[in-house]
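Side chains are part of it too, since the values below use all heavy atoms of this structure and drop only hydrogens, waters and symmetry mates. The chain is numbered in sequence order, starting from 1.
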Amino acid sequence: MNINELTVEELYSKIHSKEIKPSEVVGALFERIEKYDGNIKAFITLTKEQAEKTAAELDRLQAEDKMDGNMFGVPVGIKDNIVTKDILTTCASRMLHNFKPVYDATVMTKLKNENSILMGKLNMDEFAMGSTSETSYFQTTKNPWNLNCSPGGSSGGSAAAVAAGFVPYALGTDTGGSVRQPASFCGIVGMKPTYGRVSRFGLIAFASSLDQVGPMTRTVRDNAKVLELISGEDKANDMTSSNNQDTDFLTGIDKDIKGMKLALPKEFLGSDVDDEVTAAVLKAKERFESLGATVEEVEMPNLKYVVSSYYLIASSEASANLARFDGIRYGYRAENAKNLEELYKKSRGEGFGDEVKRRILLGTYVLSAGHYDDYYVKAQKLRRLVSNDVQRILTDYDLIIGPTSTTPAHKYDEVEIEGTKEYKNDILTIPANLVGVPSLSIPCGLTEDNRPIGMQLIGNHFEERKIYNAAYQFETLYNLHEELKNLTMGAE
């Protein structure tokens, strides 16, 4: 039995039956991390000593048949923009290179209460701004399927850690596709929940009206289980969290989908989409039809506006959210500043990377008195047009399907990030964030050179259960979980 190959449900079951101990799970996974993460570079910070201590305590409780918690003994990795008490939380930025929070994020508190074991903090694009994990101050994460390829971003470390078998599940964050795109690139399952489904308390904000924490797993059932545990209203800390009580995503997940109506926007398969991606999605369409679902082509005419709208809104919110990092209270502080103004300028100039500076500058310009109406207000109007498109389609159809990304994982020497060209690759994932609806990425194929291809399923607000049902049925016909076991990841 290879512990790194077990799913969340399998690990939980074997721990509860006392077939394995939590300490054995933790030991096996750290052994794998130590062997392979020198190549992958998924983790910024490992919490080995703490994890071993927690596992030893859970061993004692296991022996006493006191195995409380729905994640008892199951390890997890956390994206490094989710705060963890007394554990380094950097947002992959020099600005927070020494920041140890004094409290836990709500999602972290929930997982601790379920007796999950934290293995460490995962690499990402700096402040979640990027789609390749290359803007991290510390390192560039590699794709376990091909070390010459990007794992995607900004949750690239989370996706790579799950795909590589370092952890059975991880948490990422999704502002414009940052859970789903890396899930697609790494051949795993990634969910961006309905806005408000999961508390954002303790998530270091990028764009507050768009950000959501989401689970990243190897299977659909695991994903649904994790989302159940982290969902729920957070009255004390997050007034944008929803009081929707329907958080049972596993009941009925295995029912057939005969009669389900799926919409495939023709714009999702436009000229910018890679031929192999198009072919995989059309094959997925056939698989859904074989399961009894109806798939029809529809139009989403305002898709062309999503990138412009998103980057104006997201950059504006980022400009406001990142104003707090000033070199005074915590984080990076420049040396040899002669006065307060110079301290601000030097600390922010040296602490932030180029991509973060670019978005702060754009957002500040958009929010300025002379440009607010011309740019920010118009971007919000475009957001409404996109929302109208999505809501119109979901009035007549159960779900929207299409590719997660326009390409499979690209090789680093194939793509040169120039200006805003890389932003256009987010065109397929952004609509769900602008509208606030849930969207799940699942594997739907492989390229000729074995790079994963992802497909996303978009549902209406708080219809995650319907998404999981369709995704689970699809997974019965196509599942990359077995292929994940064979990754070599460059080890000798």
Restricting to ring-ring contact (aromatic ring centres under 6.0 Å, His included), what partner residues turn up for Phe166, sequence neighbours left out? none

Quick one: do Glu34 and Lys48 satisfy salt bridge (charged side-chain N to carboxylate O under 4.0 Å, His left out)? Show the steps, please. CA-CA 11 Å; Glu34 288 162 6; Lys48 186 175 182 181; 2.7 Å; yes

Kindly give the heavy-atom pair with the smallest separation between Leu29 and Pro168, and that separation in Å. CD1-CD, 4.1 Å

Using the rule side chain to side chain contact (heavy atoms under 4.5 Å, CB included), only one of Leu227, Thr7, Val226 pairs with Thr217; which is it? Val226

Once ring-ring contact (aromatic ring centres under 6.0 Å, His included) is applied, do any residues pair with Tyr376, and if so which ones, sequence neighbours excluded? Tyr372

Please find the pair of heavy atoms, one from Cys186 and one from Leu484, that lie closest to each other, and give the distance. O-CD2, 4.0 Å

In Å and rounded to the nearest 0.5 Å, what is the NZ to SG distance from Lys121 to Cys91? 8.5 Å

Going by the rule side-chain hydrogen bond (donor to acceptor under 3.5 Å, both in side chains), which residues pair with Asp398 if we only count those two or more places apart in sequence or in a different chain? Lys466

Just jot down the salt bridge (charged side-chain N to carboxylate O under 4.0 Å, His left out) partners of Lys485, sequence neighbours excluded, or say none. Glu482

Under the ring pair (Phe, Tyr, Trp, His ring centres under 6.0 Å) rule, what pairs show up with a residue in residues 128-157, not counting sequence neighbours? none

Kindly write out the residues that satisfy side-chain hydrogen bond (donor to acceptor under 3.5 Å, both in side chains) with Asp248, not counting sequence neighbours, or none if the list is empty. Thr251

I'd like to know if Arg333 and Glu350 make a salt bridge, using a cut-off of under 4.0 Å between side-chain N and carboxylate O. no

To check you understand the geometry: which heavy-atom pair defines the closest contact between Thr404 and Ser441, and what is its length? OG1-OG, 2.9 Å

Can you find a side-chain donor-acceptor pair between Ser319 and Arg359 that sits under 3.5 Å? no

Measuring from Arg200:CZ to Ser208:OG, what's the distance to the nearest 0.5 Å? 5.0 Å

Are Thr194 and Glu464 close enough that a side-chain donor and a side-chain acceptor fall under 3.5 Å? yes

Could you tell me whether the side chains of Thr109 and Asp104 share a donor-acceptor contact shorter than 3.5 Å? no

Can you find a side-chain donor-acceptor pair between Asp274 and Thr407 that sits under 3.5 Å? no

Of all residues at least two apart in sequence or in a different chain, which pass the salt bridge (charged side-chain N to carboxylate O under 4.0 Å, His left out) check with Arg221? Glu9

Does a side chain donor of either Asp272 or Thr406 reach within less than 3.5 Å of an acceptor in the other side chain? no

Is any NZ, NE, NH1 or NH2 atom of the basic residue among Arg358 and Glu355 found under 4.0 Å from an Asp or Glu carboxylate oxygen of the other? yes

Give me the atom names and distance for the closest heavy-atom approach of Gln50 to Ile87. OE1-CD1, 3.3 Å

For residues 168-225, pull every pair meeting ring pair (Phe, Tyr, Trp, His ring centres under 6.0 Å), keeping only residues two or more places apart or in separate chains. Tyr103-Phe201

Distance, nearest 0.5 Å, that separates CE of Met124 from OG of Ser136: 8.5 Å

What one should report as the nearest heavy-atom pair of Pro443 and Leu480 is CB-CD1, 3.4 Å

Between Phe325 and Tyr330, how do the two ring planes meet: parallel, tilted or perpendicular, split at 30° and 60°? perpendicular

Distance col, row Asn460:CG vs Ile393:CD1, nearest 0.5 angstrom, shows 11.0 Å

Without hydrogens or angle criteria, can the side chains of Thr173 and Asp211 be said to hold a donor-acceptor pair below 3.5 Å? no

Going by salt bridge (charged side-chain N to carboxylate O under 4.0 Å, His left out), name the residues that satisfy it together with Asp389, two or more places apart in sequence or in a different chain. Arg392

Can you sort out the partners of Thr429 under side-chain hydrogen bond (donor to acceptor under 3.5 Å, both in side chains), two or more places apart, ordered by chain and number? none

On a heavy-atom basis, the closest approach of Val198 and Ser231 is CG2-OG, 4.1 Å

Any chance you could measure Thr240, atom OG1, to Asp238, atom CG, to the nearest 0.5 Å? 3.5 Å

Glu10: partners by salt bridge (charged side-chain N to carboxylate O under 4.0 Å, His left out), with sequence neighbours left out: none

What pairs with Phe474 under ring-ring contact (aromatic ring centres under 6.0 Å, His included), at least two apart in sequence or on another chain? Phe288

For Phe127 together with Phe352, are the ring centres under 6.0 Å from each other? yes

Please check if any side-chain donor atom of Ser178 sits under 3.5 Å from a side-chain acceptor atom of Ser155, or the reverse. no

Asn433-Asp174 side chain donor-acceptor pair, cut-off 3.5 Å: yes

Just checking, is any N or O donor in the side chain of Ser241 or Asp234 under 3.5 Å from an acceptor N or O on the other one? no

Have Tyr468 and Asn223 got a donor and an acceptor in their side chains that come within less than 3.5 Å? yes

Is there a donor in the side chain of Ser158 and an acceptor in the side chain of Lys79, or the other way round, less than 3.5 Å apart? no

Minimum side-chain heavy-atom gap Arg383-Leu210 below 4.5 Å: yes

